[in-house]
Amino acid sequence: MARLEAPVDLGGETVRNRLYRAPLLECAGNGPDAVDALIEDLEPAADAGAGLLCQGATIVRGDGGCAAPGMTRVHDPAFVERLERLTDRIHDHGGKIAIQLEHGGLRSMETWHAGYRAEHPKLEQLAVSDPSWQLRAVDRLGLVSYDPRVLDTAEVYGLAADFGKAAARAVDAGYDAIHIAGANMGIVQQFLSPFYNRRDDEFGGSRPERVRFLELVHDEIRMRAGDVPLLTKVPAETAAPRVVRRHLDLDDGVAIAEHLAEYGFDAVAPVETNVIWDMSIVRGAYPDRAWESDEFAEGYAEAFGSRYRARAVAALNRLQERRFDFEPAWNERFCRRVRRRVDVPVMLEGGVRERGQIDRLLGEMGEEPAADMVGMARPFYAEPRLPARLLNGSPDGVDAETRVACESCNNCTVPQVTGAPGVCRTPSVLERRGELEKRGAYEK
C-alpha cells in the first residue's frame, strides 16, 4: 500500500510520486521546431507535479517504422543532443522523463497509409514472419497493403542494436529511463505474439524463444547505456477475435512479465490488447466530431486511399465502439496478477479517470494493491496540468472534484492519422477546463 504522493524507486531512480503521464503521440516530428513542440507538450505536466513523464513512441531508425504521421525519430545523434533542452526543463520542475523506443514493423505507415506508400514506393515493410492468412484477408479488402520483407537472424540482431544505440543517445541527452514499446502491435509485440511470430530460428517457437528479442534489446541497452532504468509494456492479446487461435492469453502475459522482471527489466506495464490496431487500445466513444469534420476529410482520404475507404474505416470504428465499451481501469486484472508475481514496480494505465480510483488501485482503500504507479494518457490532452488537481488536492480546497475533464470521446486521437496534433477538440471538455482554470485548480 502506498499513497499517490509517496516516492517510488524505479531502477535506482527515485521518482517523487506514483503518478505518471503514459506515452502519447506528441506529433512533434524532427523538424526545427520539434524540441519546442515536445517541451510545450510535456513540461506543463512536470511543472504541475507528475512524477514521471513518458515521451511517446520514438522510432529507432531513420527510415520506416512510424505507426503514425509526425512521430519523432531518434537515430540522429545531432537531433537527440538537442533533446537535452527538453530533459533539462523536466528536471527543473523535479520530474523524471522516460523515452519510449519503438519500431512499428507490420503496423507501420508503409503498410496502412496509402499516401505515405505512394510517396515512398521503395520503402520496405519489416516483418517478424510472413503475415497470417487473417492479415492477408484484410489486405484483400484493400484497407492495408502487405508486401513485407521478413527479417533474417542477423537483421534481428541489427534491429536490437538500434534500440541500444538509441537508448545510449537518449541517456547522454539526459533521459532518466528507457521505455520499450512492447505492446500496441509494434514490432516488439510482433516478436512476442504467436499470431505474428512463426520463425524457426532462436527468436521463434515457444514462448521463451519469442521473448528472446526483448532479452536481446535489454542486453544491447545495458551494454551501450549502462544501468539506466528500463521499462516495458507487456501485452496480453485478450481482445483477439475468435478466428485468431494463436495469440497471447492472460497467462502468457503474466509469464512474460515475470520472466522480464527476473531477466533485469526494472518495471513492467501490463496491457490487454489485440493482435490488430483497434479500439481495444483506447476504448471509449465513437468520435463523431473527428470523423465528420471537414477539416480532416482530405487527410482521411489520403491516409486510407479514398473518401470511400475512409468512410469504411469510420464504419468499422463505429462497430468497434460497440464491442469495446469504456471500462474503468481496464488493465486492472492483468496488473493485479502480474504484481503478485514480480518484485519490480507494476505500472497501470488505461481508463483511469479519478483520484479515488487511483487510491484504490494503489491499495489505499484496504484491498490488495493492483499497481505501484498509475498513469493516464488521453486526459493529458484535455488537461496538460492535470497532476495539480490530483496530487494533494488543490490549494485552499478550490476544487474538491478529482475526476478528469476528459470524456474518452476519442476526438483527440482519430485525426492523428492525418498528421494533426493530439489535442482535445471537444467543446464541453474545453469549457470544463476553462472553468477549472478560472477557479485556480491547476495552480500548485
Side-chain angles (χ1 to χ4, degrees), residues 57-68 71 73-75 100-113 116-117 120-136 138-139 144-168 178 180-224 232-235 237 244 246-248 252 256 259-260 263 273 275-277:
T58 60
I59 308 304
V60 300
R61 287 189 165 178
D63 296 309
C66 285
M71 293 180 74
R73 299 180 183 275
V74 285
H75 67 293
Q100 188 182 56
L101 302 182
E102 166 77 300
H103 189 287
L106 282 181
R107 209 200 100 203
S108 302
M109 289 174 65
E110 46 268 33
T111 296
W112 68 266
H113 195 293
Y116 188 79
R117 289 200 305 269
H120 304 85
K122 296 183 179 180
L123 191 60
E124 292 183 308
Q125 302 171 8
L126 299 186
V128 174
S129 300
D130 285 325
S132 65
W133 69 265
Q134 295 97 333
L135 295 179
R136 291 295 186 186
V138 177
D139 186 343
V144 295
S145 178
Y146 289 116
D147 184 24
R149 180 172 62 80
V150 177
L151 294 163
D152 64 29
T153 302
E155 289 170 327
V156 173
Y157 274 86
L159 179 59
D162 286 337
F163 275 83
K165 294 172 186 176
I178 303 298
I180 303 301
N184 296 1
M185 279 65 66
I187 205 161
V188 175
Q189 180 179 336
Q190 291 163 33
F191 271 101
L192 293 172
S193 172
F195 177 73
Y196 287 98
N197 187 344
R198 296 178 303 283
R199 300 176 66 93
D200 58 6
D201 64 358
E202 64 188 281
F203 298 102
S206 65
R207 186 201 304 138
E209 284 74 32
R210 296 197 308 272
V211 181
R212 173 67 184 135
F213 180 70
L214 256 183
E215 293 177 350
L216 185 60
V217 168
H218 167 280
D219 295 346
E220 287 284 348
I221 291 173
R222 290 287 181 243
M223 178 179 68
R224 299 173 187 274
T232 187
K233 285 191 176 182
V234 178
E237 296 164 338
V244 177
R246 292 167 51 88
H247 64 273
L248 296 170
D252 290 322
I256 290 171
H259 176 84
L260 294 175
Y263 196 82
T273 185
V275 295
I276 56 173
W277 180 263

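In this chain, numbering begins with 1 at the start of the sequence shown.
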**Q** Would you compute the distance between atom CD of Glu102 and atom CE of Met71 and round it to the nearest 0.5 angstrom?
**A** 5.5 Å
**Q** What pairs meet the salt bridge (Lys or Arg N to Asp or Glu O under 4.0 Å) rule with one or both residues in residues 151-160, with sequence neighbours excluded?
**A**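 Passing the test, one end in residues 151-160: Arg149-Glu155.
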**Q** Excluding sequence neighbours, so at least two apart, what forms side-chain hydrogen bond (donor to acceptor under 3.5 Å, both in side chains) with Ser132?
**A**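 Counting only residues at least two positions away or on another chain, Ser132 forms a side-chain hydrogen bond (donor to acceptor under 3.5 Å, both in side chains) with Gln134.
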**Q** State, yes or no, whether a side-chain contact exists between Pro194 and Arg207 at a heavy-atom distance under 4.5 Å.
**A**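 They are not in contact (no side-chain heavy atoms under 4.5 Å apart), so the answer is no.
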**Q** Find out whether Ile187 and Leu159 are in side-chain contact, i.e. whether some heavy atom of one side chain is under 4.5 Å from a heavy atom of the other.
**A**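 Yes, their side chains come closer than 4.5 Å.
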**Q** Taking only residues two or more places apart in sequence, or in another chain, which ones meet Asn197 in a side-chain hydrogen bond (donor to acceptor under 3.5 Å, both in side chains)?
**A** none
**Q** Please answer whether the main-chain N or O of Glu110 pairs with a side-chain N or O of Gln125 as donor and acceptor at a distance below 3.5 Å.
**A** yes
**Q** Check ring pair (Phe, Tyr, Trp, His ring centres under 6.0 Å) between His218 and all other residues, then give those that pass, not counting sequence neighbours.
**A**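 Partners of His218 by the ring pair (Phe, Tyr, Trp, His ring centres under 6.0 Å) criterion, ordered by chain and then number, come out as Tyr263, Phe265.
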**Q** Suppose the criterion is salt bridge (Lys or Arg N to Asp or Glu O under 4.0 Å): which pairs have a residue in residues 188-200, not counting sequence neighbours?
**A** Arg199-Asp201
**Q** Do the non-hydrogen side-chain atoms of Asp147 and Arg117 ever get within less than 4.5 Å of each other?
**A**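 No, too far: nothing below the 4.5 Å cut-off.
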**Q** Suppose we screen for side-chain hydrogen bond (donor to acceptor under 3.5 Å, both in side chains). Which residues come up paired with Ser193, at least two apart in sequence or across chains?
**A** Glu237
**Q** Would you please name every residue forming a ring pair (Phe, Tyr, Trp, His ring centres under 6.0 Å) with Phe203, sequence neighbours left out?
**A** Tyr157
**Q** Is any side-chain heavy atom of His75 less than 4.5 Å from a side-chain heavy atom of Ile59?
**A**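 Counting from C-beta outward, His75 and Ile59 never come under 4.5 Å.
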**Q** Checking Arg61 now: which residues fulfil salt bridge (charged side-chain N to carboxylate O under 4.0 Å, His left out) with it, not counting sequence neighbours?
**A**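 Per chain and number, Arg61 pairs via salt bridge (charged side-chain N to carboxylate O under 4.0 Å, His left out) with Asp162.
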**Q** If you compare all heavy atoms of His103 against all heavy atoms of Ser108, which two are closest, and at what distance to 0.1 Å?
**A**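 Scanning both residues, the minimum pair turns out to be CE1-OG, 4.4 Å.
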**Q** Could you pull out all residues at least two apart from Phe195 that satisfy ring pair (Phe, Tyr, Trp, His ring centres under 6.0 Å)?
**A** none
**Q** My understanding is that only residues two or more places apart in sequence, or in another chain, count here; which of them pass ring pair (Phe, Tyr, Trp, His ring centres under 6.0 Å) with Phe163?
**A**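 Phe163 satisfies ring pair (Phe, Tyr, Trp, His ring centres under 6.0 Å) with no residue once adjacent residues are dropped.
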**Q** Mind checking salt bridge (charged side-chain N to carboxylate O under 4.0 Å, His left out) for Arg222 and listing every partner two or more places apart, or none if nothing turns up?
**A**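 Arg222: salt bridge (charged side-chain N to carboxylate O under 4.0 Å, His left out) contacts with Asp266.
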**Q** Work out which heavy atom in Val128 is nearest to a heavy atom in Val150; give both atom names and the distance.
**A** O-CG1, 3.3 Å
**Q** When you measure from the side chain of Glu209 to the backbone of Ser206, do you find a donor-acceptor pair of N or O atoms at a distance under 3.5 Å?
**A**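 Looks like yes, one N/O pair under 3.5 Å.
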**Q** Keeping the roles fixed (side chain from His120, backbone from Leu123), state whether a donor-acceptor pair exists under 3.5 Å.
**A** no
**Q** So, for Gln190 and Leu106, which heavy atoms are closest and what is the spacing to 0.1 Å?
**A** OE1-N, 3.2 Å
**Q** Only counting residues at least two apart or in another chain, list the ones meeting side-chain hydrogen bond (donor to acceptor under 3.5 Å, both in side chains) with Asn184.
**A**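 Asn184 satisfies side-chain hydrogen bond (donor to acceptor under 3.5 Å, both in side chains) with no residue once adjacent residues are dropped.
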